[in-house]
Amino acid sequence: MNQVNRRQILGWTAMASSAIVVAAGCGGSSGSTASSGSSSSGGPGGSAGTGGDAASLNALLAIEYAGIQAYSAGAGILSNPPSGDPLASLAPTLLEVATHFQQQHKDHAAALVTALKAAGGTPIDASSVSFMLPANFKPSITNVLKLAANAEKEAAVTYTQLVAQMNVASDRFLASAISGDEAQHFIVLYVLLKGIAQPGMNLSAMTAAVVPTSFVSGVGAFPGLQMVADLAYG
Amino acid sequence: MQRRTSAAPGEPGVARERLSAIGALAAGGAALALATFARNAAAGDDVTTLNTLLTAEYDAIDAYGAGAGILMSPPANDPLASAAPVVLAVALHFQSQHQDHAKLLASTIQAQAGTPVDPSSGKFSAPAGFTGSVLDVVRLASNAEKAAAIAYNDAVKAVSSAANAQLLAAIGGNEAQHFILLSLVAQGVAGPTMTTKSDAADFVPEAFVAAVGTGTTGLEAIPDFSFS
């Protein structure tokens with residue numbers, strides 16, 4: 001991956017204590033400066049059998065693993081918000097949404113692992129990524145939303161940028177299908193945080209409708225927005 | 001609904017079917033037709049694919065124009081008439097982003113020695129059952145944006161150039177953002193606030209998920225939230 005993308009991924013995974021190791025493991029053909037991990041074609045990020053996309057796919061997999069852990073950390077706060085948090089009454093509903101988004105990241109990770117294996121690559125292990133809250137993070141419901149919005153934005157951008165570096169059409173398609181999902185996560189969180197949208201009366205009963213599918217278009221056994229019925233008129 | 005079915009000068013005949021399929025976009029409920037187009041698009045025929053999506057953008061621009069007409073003068077007994085100005089501000093913002101998409105698609109086609117379809121290729125006709133209410137405008141836009149997001153995603157597989165694939169991913173993700181917000185509002189899962197109208201430009205703040213060339217900006221331009 002090029003310098004820009006490596007920097008972005010490292011930026012996103014700055015929350016992960018092993019970000020450098022992860023990036024190194026995902027390294028490969030692009031000259032990662034990380035100090036450890038394999039960058040040969042036979043290593044975890046190698047290009048063998050994947051048209052050269054293994055490094056990109058593994059970098060994205062690292063982002064997903066970090067995202068899954070970040071949502072777990074956020075869920076801990078949402079499950080037991082600080083006393084006096086002004087949004088405490090919303091916490092149970094937000095927890096449902098956060099858990100829903102986390103499940104979608106798990107779906108992304110599963111699809112990336114499948115793509116890597118199908119192409120003869122070696123996916124990084126989930127244990128190679130460990131999440132750590134930013135140094136200036138104070139536990140509050142608003143900060144959980146901010147943390148998620150920042151991370152989803154970075155992920156959506158990174159996925160889109162890596163599409164241009166992939167060689168295999170099905171890998172580009174997968175990255176695009178996930179990017180659009182993470183862009184949806186981001187915008188939902190963004191408009192809430194900016195105060196230009198607010199929870200509606202049906203939110204608590206329809207949390208699964210808040211980004212209804214894990215992929216924009218269906219990927220393998222995972223459905224896309226094709227399965228979401230059109231809204232009826234009248 | 002009658003759509004443009006003739007190919008633009010110089011387009012291969014097979015383009016007619018694709019344009020016909022994608023032409024159903026403005027009518028809503030066209031996701032299947034769009035997906036079929038994308039699956040069938042021949043690899044390496046990037047200009048044809050880009051032109052098909054350009055037609056969809058012109059459709060969307062025309063559809064938002066029609067919707068804006070309703071929102072500027074909603075039916076007198078429309079229960080959401082008071083919300084029409086807010087929806088209008090958002091609709092015009094989304095329309096502007098579709099114009100950004102169309103502009104970049106057209107310049108990309110020209111850069112690849114193709115001939116962009118004419119803006120007049122986009123023509124909106126209301127789908128069956130559409131009542132002309134404020135809520136139906138939101139529903140129509142939601143349905144169309146969903147179909148477009150899927151079509152862009154599927155078209156990523158059809159183009160041979162990595163740069164074209166990135167362009168389609170960057171636009172498709174934007175339309176996915178349009179879809180989800182419209183869908184949530186239409187279903188009462190989310191609602192507007194006092195500042196939605198004044199800050200409509202922030203309601204999906206960038207026309208592309210990531211910058212895709214000179215003169216474009218993506219979500220990279222949006223500052224991170226600071227923790228409080």
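In what follows, chains are A, B, ... by sequence order, proteins preceding strands, each numbered from 1. Source: prediction; values computed, not measured.
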Contact origin within A:A205 toward chain B - heavy atom pairs under 4.5 Å: neither

Donor on one side chain, acceptor on other, A:Y159 and A:D181, under 3.5 Å: no

Pick from B:A176, B:S226, B:A163, B:S183 with the largest number of heavy-atom pairs that fall under 4.5 Å of chain A: B:A176

Heavy-atom contact with chain A under 4.5 Å, split by part of B:S133: neither

Among B:V138, B:V204, B:N164, residue most engaged with chain A (heavy-atom pairs, under 4.5 Å): B:V204

Heavy-atom pair count under 4.5 Å with chain B, highest-scoring of A:S140, A:G195, A:S170, A:A229: A:G195

Residue pair A:T93 / A:S204: nearest heavy atoms and the distance that separates them: OG1-CB, 3.8 Å

Axial cation check for A:F173 ring with B:K157, 6.0 Å and 45° limits: yes

Test of ring centre spacing under 6.0 Å for B:F225 and A:Y190: yes

Side chain / backbone / both / neither for A:A232 at chain B, heavy atoms under 4.5 Å: backbone

Residue part contacting chain A, namely of B:F208, when any heavy atom lies under 4.5 Å: neither

Mutual orientation of the aromatic rings belonging to B:H178 and B:H98 [parallel < 30°, tilted 30-60°, perpendicular > 60°]: perpendicular

Heavy-atom proximity to chain B below 4.5 Å, by part of A:M166: backbone

Spacing of CG belonging to A:L112 relative to CG belonging to A:D107, to within rounding of 0.5 Å: 11.0 Å

Identified side chain to side chain donor-acceptor pair (under 3.5 Å) partner of B:N174 from the options B:E206, B:Q97, B:E145: B:Q97

Between A:E152 and A:H105: side-chain donor-acceptor atoms closer than 3.5 Å: yes

Contacting moiety of B:L219, where chain A heavy atoms sit under 4.5 Å: both

Top contributor to chain A interface from B:T131, B:L181, B:D202 [non-hydrogen pairs under 4.5 Å]: B:D202

Contacting moiety of B:S198, where chain A heavy atoms sit under 4.5 Å: neither

Plane angle bin for B:F94 and B:Y64 - parallel if under 30°, tilted between 30 and 60°, otherwise perpendicular: perpendicular

Shortest non-hydrogen separation from B:H101 to B:A207 and the atoms involved: NE2-O, 2.7 Å

Top contributor to chain A contacts, counting heavy-atom pairs under 4.5 Å, from B:T196, B:V156, B:D136, B:T195: B:D136

Options A:N143, A:V188, A:V163, ranked by heavy-atom pairs under 4.5 Å with chain B, top entry: A:N143

Partner chain A: residue of B:P192, B:A169, B:A210, B:G191 with the largest heavy-atom pair count (under 4.5 Å): B:G191

Proximal component of B:I222, with respect to chain A [non-hydrogen, under 4.5 Å]: both

Structural part of A:V191 lying under 4.5 Å from a heavy atom of chain B: side chain

Which of A:G180, A:A169, A:S176 touches chain B most, by non-hydrogen pairs under 4.5 Å: A:S176

Derivation and outcome, side-chain contact (heavy atoms from CB on, under 4.5 Å), residues B:I171 and B:E57: CA-CA 10 Å; B:I171 297 176; B:E57 293 294 346; 3.7 Å; yes

Portion of A:A149 that has a non-hydrogen atom of chain B nearer than 4.5 angstrom: side chain

